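A quick note: this is a predicted structure, and the numbers were derived from the prediction, not measured. Atom set for the values below is all heavy atoms of this structure, side chains included, hydrogens, waters and symmetry mates excluded.
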Amino acid sequence: MRLRRKLPPGTAHAVRIALATSLLIGVVYAGCVTVLDRVVAARLTAAVDARLQERLSDVRESGAAATASKSEADDDDDDSDAPPMYLWLVTAGGIVRVSAGAPQLPRGAALALREPRTAHLARSSFRLAAVRYGGTLLVAGQSLADQSHLEDVLGVGEALAAPVLLLAVFIGA
């Protein structure tokens, strides 16, 4: 036999109000973190795009794409913690890897670059940008692994904070 207790009428009403309040705050929280995640992702991508454009401009101004290795290019780079940036030259004869360790760049991906975009190379996402360089196309790319890691950490933090917030709202209401 199961003993069943009824909650006092005032308590049942308070629980319903607390649940409704928690649900409303949960919806607002989900909307806010979604907007935050998109803003963070856009800013991180914009930072990579700016770095790619700066690198392409430096190489084009110096006129030394064929000899622009990673170590030479980063002598004046202020951000030593940034992931490596790779360069490719797309010629009529094919694609030449300018940077040591650069993954293979598919020809279709290189020729379709009109503005910076994300492509999947060597089991990882890369942000690619290109400029005309003489009769060739100079392509710069950077891995997005760091950005993906930051976005994942942010998502985990948001997911861990949600139950704590909702419990606090429920108790407070």
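Summarising the geometry of A162 relative to Y29, their closest heavy-atom pair is CB-CE2, 3.6 Å, with the distance given to 0.1 Å. Closest approach of F170 and V15 over heavy atoms only: CE1-O, 4.0 Å. The two residues W88 and A140 make their nearest non-hydrogen contact at CZ3-C, 4.0 Å. Listed here is the closest heavy atom pair of T118 and S125: CG2-CB, 4.1 Å. Of all non-hydrogen atoms in L128 and A119, the two that sit nearest each other are CD1-CB, 3.7 Å. Here the closest non-hydrogen pair linking Q104 and L121 is O-CD2, 3.8 Å.
For the atom pair CZ of R127 and CZ of R51, the computed distance is 14.5 Å after rounding to the nearest 0.5 Å. Interatomic distance, M85 CE to L56 CG, rounded to the nearest 0.5 Å: 8.0 Å. Here the CG atom belonging to L19 is positioned 12.5 Å from the CG atom belonging to L24, to the nearest 0.5 angstrom. Summarising the geometry, atom CG belonging to L154 is positioned 5.5 Å from atom CG belonging to L36; distances are rounded to the nearest 0.5 Å.
Looking at heavy atoms from C-beta onward, L165 lies in side-chain contact with V169 at the 4.5 angstrom threshold. For the pair L44 and L150, the minimum side-chain heavy-atom distance is below 4.5 Å. Two residues are said to be in side-chain contact when any heavy atoms from C-beta on lie closer than 4.5 Å; L137 and V139 meet this criterion. Taking the side chain as every heavy atom from C-beta outward, E151 and D37 never approach each other to under 4.5 Å. Counting only heavy atoms from C-beta outward, the side chains of Q53 and P116 approach each other to under 4.5 Å. Using a 4.5 Å heavy-atom cutoff, the side chains of R55 and L87 are in contact. Q142 is listed as a side-chain neighbour of L52, based on a closest heavy-atom distance under 4.5 Å. No side-chain heavy atom of L89 sits less than 4.5 Å from a side-chain heavy atom of I95.
Environment of NE2 in H120: crowded, with over 12 heavy atoms of neighbouring residues, nucleotides or ligands closer than 6.0 Å. Other residues, nucleotides and ligands contribute more than 12 heavy atoms inside 6.0 Å of the CZ atom of R97.
In this structure a side-chain-to-backbone donor-acceptor pair under 3.5 Å is present from T91 to G94. Looking at T45, its side chain never comes within 3.5 Å of a backbone N or O of A42 through a donor-acceptor pair.
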